[in-house]
> 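Input: one structure, supplied below.
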There are 2 protein chains.
Amino acid sequence: MSKRRSITIIDIAKELGIAPSTVSRALSGHSKISPETRDKVMAVAKKWNYVPNKIALSLKNQETRTLGLIIPEIVHYFFSNVISGIEEVANKNGYSLLICQSGESLEREIKAVSTLVRQRVDGLIICCSRETEEFDHVEKLPENKGVPVVYFDRVPPNSKHPKIIVDDLMGAKQATAHLIEQGCKNIAHLAGPENLLISRNRLSGYRLALQNAGRQPKTELIKYCKEGTTEVGFAKMNELLNQEVIPDGVFANNDIIALGAMMAIKKKGLKIPEDVAVIGYSNWQLSEFMEPGLSSVNQPGAEMGEQACQCILNYIESDEPVEFFSPIILPSSLVIRGSSLRKRSAQIKVLNAGG
Amino acid sequence: MSKRRSITIIDIAKELGIAPSTVSRALSGHSKISPETRDKVMAVAKKWNYVPNKIALSLKNQETRTLGLIIPEIVHYFFSNVISGIEEVANKNGYSLLICQSGESLEREIKAVSTLVRQRVDGLIICCSRETEEFDHVEKLPENKGVPVVYFDRVPPNSKHPKIIVDDLMGAKQATAHLIEQGCKNIAHLAGPENLLISRNRLSGYRLALQNAGRQPKTELIKYCKEGTTEVGFAKMNELLNQEVIPDGVFANNDIIALGAMMAIKKKGLKIPEDVAVIGYSNWQLSEFMEPGLSSVNQPGAEMGEQACQCILNYIESDEPVEFFSPIILPSSLVIRGSSLRKRSAQIKVLNAGG
DNA sequence: ATAAGCAATGCAAACGTTTGCATAAAAGAT
DNA sequence: ATCTTTTATGCAAACGTTTGCATTGCTTAT
């Protein structure tokens, strides 16, 4: 591409034999510019198709009106919902969105942070990768005055930056309680990676619900799934089905794992939910269309994105460096479908898990 | 946020009592800098956590190493795959990605183009909204020397810019031919909006396959779905099922419509595929998990993104303004699952539709 | 008639980098 | 001891905008 030079305020000024500053003021509707000059400038600007150069403005104003977003994978229903929510709010406030995916790799996450800081984004919204256990690459940004950061979903345990999370513990507790209420005696849990706070919270919620019902969580009914794939879900569910104590209910760390589990159960010739009730997490789009429909804990992705974006905009615009103590916790809600509904009496309903 | 000033090359220069140019050269490993100076500069840069300012560089070099992407909706399996593919290639080549969603609205699409041009993206990758029928907002960018543009998926009929599309006609033809081969006598089509080239191509492919089999396409078996939702698919399928000629096969413009159609068929007490065989388009993630699994024409989203990105990078870097005649056509392939498989003999297989 | 006030515009600096050219000092050649 | 070469560094311009502070030419009040 032969270097294209777009026309500038200076070009317009030369054409009219006036100063660039006059053109600038005319274009921005400054009061002290005579109507004739203004009109002439406008005409030339239109004729040449003038487009203001945001780069020059960014340099001068020391702000880019751009937000950086780092997420593990774009191709996830939850994450694409989050992006969508963020984009919506950003756009409405005149901000643009620069997106990097870490691909669940810490190395790429670090690189992404560096790229975005170089680009001088006004703020950074991050959901950490599965690999991330240390957070210095974000926490110790430019030592002096750091870039505003907001974490969401997968957040570091100790950080002064704002955090937006869904109430995983509550969601998991409700899901498990629901299985208990449906008459399940041996409820298994297909857990996520131990280093992720969200996985630990879901596990805790599972345990808590059992304890509240006066039951002791059994370690042999908890299986860790390092990756969130149907294959892993299938394999781990098979392990469970081949043990002495066969579970009659299973709560999975996410819908994809739950799907794998459903496959394993069907293949074994067992019925869902009669023999084994299943409940997932995240309420992926596909859960609705499964057979039976997969019950799941709904994570409000778009809302989370909106909140995260609103939060960072406030952060950016607040003059005082704000101190953030507790995370913003969004309520998750249980969506009950066929995969867990054993009692005819109960209708398909949505229980709010936020209380 | 109290205005943070990140440290610059000038700060380093002052600290060491040398010129900014020397610092610049030292940092970039220029040969004519003495090792001592270089080391001192490096040390200070590290101490102060210096991060180069890409904005200043962009202004000077007249390139931002940033690509703009405009898509209708991020929350679509196909589109999020495309984004992922683009991001991958962009990242590998040192480019960043600025994303806007048009929400299928022409107005927002126009605004997005303007935003991205202001930001001085080095190139623009666009998939037009459903509403878009006129393309001047893209085609007549800065009249003089325009920003490189690449269209994908939904492309304007006449444009000198590169276009990446999937072979919709061929895919639709294969899908319809497959239904014929499975013994369907009355094959209906749930078509997309008439203004979209891709919809028209799919319709053409449907017609072509019928004609090749010596059949006459019947207008009463073609229903247009303006929106791609299960509701519309459900409604339109119901219309079909209440006509005199009940179809025993249906080819839908996309998987979501196909899903709606499946619901209508089941509700009517008919069996899939025995009474009505169904086939969709786009091979969404959820198609695999339906019951029966939904046959679908696979659109290689990630690959499309990669190609689009590679294409625009070539475009940007080529010195000569290139002339593009015919679009790059990616082969689509038929993924056959339970929803269309009536003959036991045929195994679940993937037919390549690209030939 | 002169000072004061106002309206319209221009000047120049600043934002952070890079880079061609000039300069300075030191080393080498005669 | 002088001239050339080499080596290391500095100067200044450029990228496109905005904006505080002049500056100019008028009009209005005294």
Side-chain angles (χ1 to χ4, degrees), chain A residues 3-42 44-45 48-66 117-122 142 144-145, chain B residues 3-42 44-45 48-66 117-122 142 144-145:
Chain A
K3 282 288 164 225
R4 60 209 144 80
R5 215 189 64 86
S6 24
I7 67 133
T8 72
I9 269 190
I10 301 182
D11 297 327
I12 301 179
K14 274 186 190 150
E15 163 114 3
L16 292 170
I18 59 179
S21 48
T22 307
V23 176
S24 170
R25 281 188 262 251
L27 289 171
S28 60
H30 197 286
S31 60
K32 297 290 181 59
I33 293 293
S34 73
E36 316 143 39
T37 312
R38 181 163 44 74
D39 293 348
K40 274 193 291 182
V41 169
M42 290 297 195
V44 177
W48 292 74
N49 216 324
Y50 168 73
V51 178
N53 187 325
K54 228 185 139 221
I55 298 297
L57 247 175
S58 294
L59 183 59
K60 174 144 186 45
N61 294 346
Q62 299 282 75
E63 59 163 27
T64 52
R65 299 224 127 218
T66 294
V117 172
R118 281 171 133 77
Q119 306 247 21
R120 292 294 191 275
V121 292
D122 291 344
N144 24 355
K145 304 246 179 94
Chain B
K3 283 286 167 230
R4 61 210 142 76
R5 218 192 60 88
S6 24
I7 67 132
T8 72
I9 269 190
I10 301 182
D11 297 327
I12 299 179
K14 273 187 190 146
E15 162 113 2
L16 291 170
I18 58 179
S21 47
T22 307
V23 176
S24 170
R25 282 187 261 250
L27 288 171
S28 60
H30 197 284
S31 59
K32 296 291 180 60
I33 294 293
S34 74
E36 314 143 41
T37 310
R38 179 163 45 74
D39 293 348
K40 274 194 291 183
V41 169
M42 290 297 195
V44 177
W48 291 77
N49 217 326
Y50 168 73
V51 179
N53 187 325
K54 231 188 136 216
I55 299 296
L57 247 175
S58 293
L59 183 59
K60 174 148 185 44
N61 293 347
Q62 299 281 76
E63 59 161 28
T64 53
R65 299 223 127 220
T66 294
V117 171
R118 281 170 134 76
Q119 304 248 22
R120 294 294 192 275
V121 293
D122 290 344
N144 25 354
K145 303 247 179 94

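Residue numbering restarts at 1 for every chain, and letters A, B, ... go by the order of the sequence lines.
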> Tell me whether the OP1 or OP2 atom of C:dG10 has a side-chain N or O from A:T22 closer than 4.0 Å.
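Yes, because at least one side-chain N or O of A:T22 sits under 4.0 Å from OP1 or OP2 of C:dG10.
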> Rounded off to whole Å, could you give me the CG-to-P distance for the A:L57 and D:dT18 pair?
5 Å
> Going by modelled atom types, is there a donor-acceptor pair between the base of D:dC15 and the side chain of B:S58 at under 3.5 Å?
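Side chain to base: no pair present.
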> Could you state the atom-to-atom distance from NZ of A:K54 to P of D:dT17 in whole Å?
14 Å
> Would you kindly give the CG-to-C1' distance between A:N53 and D:dT18, to the nearest whole Å?
13 Å
> Separation of A:E63 atom CD from D:dT18 atom P, in whole Å?
13 Å
> Could you state the atom-to-atom distance from CD1 of A:I12 to C1' of D:dG16 in whole Å?
12 Å
> On DNA chain D, nearest-nucleotide positions of B:L59 versus B:P35: which is more 5'?
B:P35
> Less than 3.5 Å between a donor and an acceptor, one on the side chain of B:T8 and one on the base of C:dC15, is that the case here?
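Checked by distance alone, the answer is no.
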> Do B:R118 and D:dG16 have a side chain to base donor-acceptor pair shorter than 3.5 Å?
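In this structure, the two groups form no donor-acceptor pair.
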> Assess whether one donor atom and one acceptor atom, taken from the side chain of A:R25 and the base of C:dG10, lie less than 3.5 Å apart.
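Pair found.
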> Might you point out which heavy atoms bring A:I55 and B:R120 nearest each other, and give the distance in Å?
CG1-CB, 4.1 Å
> Inspect the contact between B:E36 and B:R38 and indicate whether a charged nitrogen and a carboxylate oxygen are less than 4.0 angstrom apart.
no
> Less than 3.5 Å apart, any donor N or O on the side chain of B:S24 or B:S21 sitting next to an acceptor on the other?
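No.
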> Taking the side chain of B:K32 as heavy atoms from C-beta outward, which of D:dT9, C:dT17, C:dC15 is closest to it?
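Of the candidates, D:dT9 comes closest.
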> For the pair A:Q119 and A:T66, evaluate side chain to side chain contact (heavy atoms under 4.5 Å, CB included) and give the outcome as yes or no after the intermediate values.
CA-CA 9 Å; A:Q119 306 247 21; A:T66 294; over 6 Å; no
> Say you draw a straight line from NZ of B:K14 to CD1 of B:I9; how long is it, rounded to the nearest 0.5 Å?
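It comes to 13.5 Å.
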> Would you say a side-chain N or O of A:Q62 is under 4.0 Å from OP1 or OP2 of C:dA14?
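False: A:Q62 side-chain N/O out of range (4.0 Å or more) of C:dA14 OP1/OP2.
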> Judged by each residue's nearest nucleotide on DNA chain D, which is more toward the 5′ side, A:S28 or B:S34?
B:S34
> What nucleotide among C:dT9, C:dA12, D:dT9 has an atom nearest to a side-chain atom of A:T37?
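Among C:dT9, C:dA12, D:dT9, the one nearest the side chain of A:T37 is C:dT9.
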> Do any side-chain nitrogens or oxygens of B:S24 fall under 4.0 Å of OP1 or OP2 in C:dT17?
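Answer is no, no contact under 4.0 Å.
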> Measure from the side chain of B:S21, starting at C-beta and using heavy atoms only, and say which of D:dT9, D:dT19, C:dT19 lies closest.
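Nearest to the side-chain atoms of B:S21, counting from C-beta on, is C:dT19.
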> Rounded to the nearest Å, what distance is computed from the CD1 atom of residue B:I9 to the P atom of nucleotide D:dG10?
13 Å
> Atom CD1 of A:I33 and atom P of C:dT9: how far apart are they, to the nearest Å?
5 Å
> Using whole Å, report how far CD1 of B:I55 lies from C1' of C:dC15.
11 Å
